[in-house]
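First up is the structure itself, then whatever we jot down about it.
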Amino acid sequence: MSETPRRRRDGASGQKSGQKEDGRAARARVTRARITAAATELFTTSGYTATSMAAIAARAGVSEQTLYYAFSTKRAILTTALDLAVAGDDEPVPTLDRPWARAALAEPDPVGQLRRQVDGAADIYLRAAALLDVVRGAATTDPDLAEVWATNLRQRLTVQRVFAEALADKTPLRAGLTAETAADIALTVLAPETYNLLVHIRGWSGTRWRDWAVDALVGMLTTLPRPDDDRRVTPGG
């Protein structure tokens, strides 16, 4: 998740231009999309360190010169691919201005807000969990990616703080719980590491993870009754 607008990296200014310039920009976007798709496949199957720029160019079907013209570094490719995976598009819209986040904040029912938060996180992780795991793993040995991971963590915490404050305005938090601590708890429950562990390693279904996450957040953050039995996690569910 990102709380700050993402910059358009294809050089598009949003201003009107001639047909030739529009066509060039469109071709550049297509090329960049091919490169990021190829890189995503290689990063998630071979690993970030083992993937070379030459390998990305070959998988994308472009020359290395074209690759370096579009992206000057491998890190730039990874961060762009991650931005696209998290957002689901290349529009420079912050997470908190995305429709799902705005709907969660506007939801009058506190449990409904938590459900929308979980649904939003689940949709993001369907696209981005594997890439986030690549960044987390490579961050232990690559200072550049350590910075990327730290930034991603700060951004996710900022988003959870806003959600926690909105939740506290709708219902009392558990005794002794501040909005800041509630944000920390939500950050942990909805972390990509937790999602990857339960869904990709332990084999939970996406539905089971969503139900568990809602149940956990309601129970740990609020004094409200836990979700109905038909919405709660059951053994082997």
Side-chain angles (χ1 to χ4, degrees), residues 1-6 82 86-87 93-126 128-129 131-133 135-137 139-140 145-202 204 206-229 231-233 237:
M1 301 179 188
S2 170
E3 88 285 6
T4 55
R6 295 175 299 112
L82 185 59
V86 169
V93 179
T95 294
L96 290 171
D97 286 338
R98 292 274 166 179
W100 72 267
R102 293 172 67 89
L105 292 170
E107 171 63 59
D109 174 38
V111 176
Q113 175 190 318
L114 292 173
R115 289 195 194 285
R116 289 180 184 274
Q117 284 179 237
V118 170
D119 286 344
D123 289 344
I124 288 172
Y125 291 149
L126 282 174
L131 269 180
L132 283 165
D133 201 45
V135 176
R136 182 191 60 78
T140 60
L145 292 195
E147 180 185 345
V148 172
W149 183 250
T151 297
N152 179 269
L153 180 59
R154 287 194 301 270
Q155 291 172 342
R156 283 187 279 121
L157 179 56
T158 296
V159 170
Q160 293 305 331
R161 282 183 179 129
V162 173
F163 282 140
E165 290 167 0
L167 183 68
D169 287 339
K170 297 169 186 175
T171 189
L173 299 180
R174 290 187 67 86
L177 199 65
T178 64
E180 182 71 13
T181 304
D184 289 339
I185 293 170
L187 180 73
T188 302
V189 172
L190 301 181
E193 299 98 316
T194 306
Y195 179 90
N196 276 320
L197 172 64
L198 294 178
V199 175
H200 293 155
I201 297 177
R202 296 299 303 147
W204 285 25
T207 297
R208 184 182 180 187
W209 180 84
R210 290 180 194 228
D211 288 347
W212 167 80
V214 172
D215 189 73
L217 291 175
V218 172
M220 288 191 283
L221 300 185
T222 78
T223 59
L224 297 168
R226 304 286 279 259
D228 294 339
D229 288 342
R231 292 286 299 178
R232 297 182 67 176
V233 176

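When a residue number appears, it is its place in the shown sequence, counting from 1. Atoms considered below: every heavy atom in the structure, side chains included; atoms not considered: hydrogens, waters and symmetry mates.
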Is there side-chain contact between Leu217 and Leu190, with at least one heavy-atom pair below 4.5 Å?
-> yes
Donor-acceptor pair, Arg226 side chain versus Asp215 backbone, under 3.5 Å?
-> yes
Between atom OG1 of Thr140 and atom CH2 of Trp149, what is the distance when rounded to the nearest 0.5 Å?
-> 11.5 Å
Min side-chain heavy-atom separation Trp100-Thr95 under 4.5 Å = yes
What pairs with Glu193 under salt bridge (Lys or Arg N to Asp or Glu O under 4.0 Å), at least two apart in sequence or on another chain?
-> none
Less than 4.5 Å apart, any side-chain heavy atom of Thr194 and any of Val189?
-> no
Would you list the pairs meeting side-chain hydrogen bond (donor to acceptor under 3.5 Å, both in side chains) in which at least one residue belongs to residues 101-111, sequence neighbours left out?
-> Glu107-Arg116
Rounded to the nearest 0.5 angstrom, the OG1-CE distance for Thr188 and Met220 is 8.0 Å
Nearest heavy-atom contact between Ala186 and Gln160 is CB-OE1, 3.4 Å
Contacts table for residues 162-169: side-chain donor-acceptor under 3.5 angstrom, sequence neighbours left out:
none

Trace of the salt bridge (charged side-chain N to carboxylate O under 4.0 Å, His left out) decision for Arg136 with Asp133 | CA-CA 5 Å; Arg136 182 191 60 78; Asp133 201 45; 2.8 Å; yes
Search all heavy atoms of Ala104 against all heavy atoms of Lys170 and return the closest pair with its distance.
-> O-NZ, 3.3 Å
Does Leu224 have any side chain to side chain contact (heavy atoms under 4.5 Å, CB included) partners at least two apart in sequence or in another chain, and if so, which?
-> Pro110, Val111, Thr171, Val218, Thr222
Under the side chain to side chain contact (heavy atoms under 4.5 Å, CB included) rule, collect the residues that match up with Arg210, sequence neighbours excluded.
-> Val118, Asp119, Ala122, Asp123, Leu126
What pairs with Thr178 under side-chain hydrogen bond (donor to acceptor under 3.5 Å, both in side chains), at least two apart in sequence or on another chain?
-> Thr181
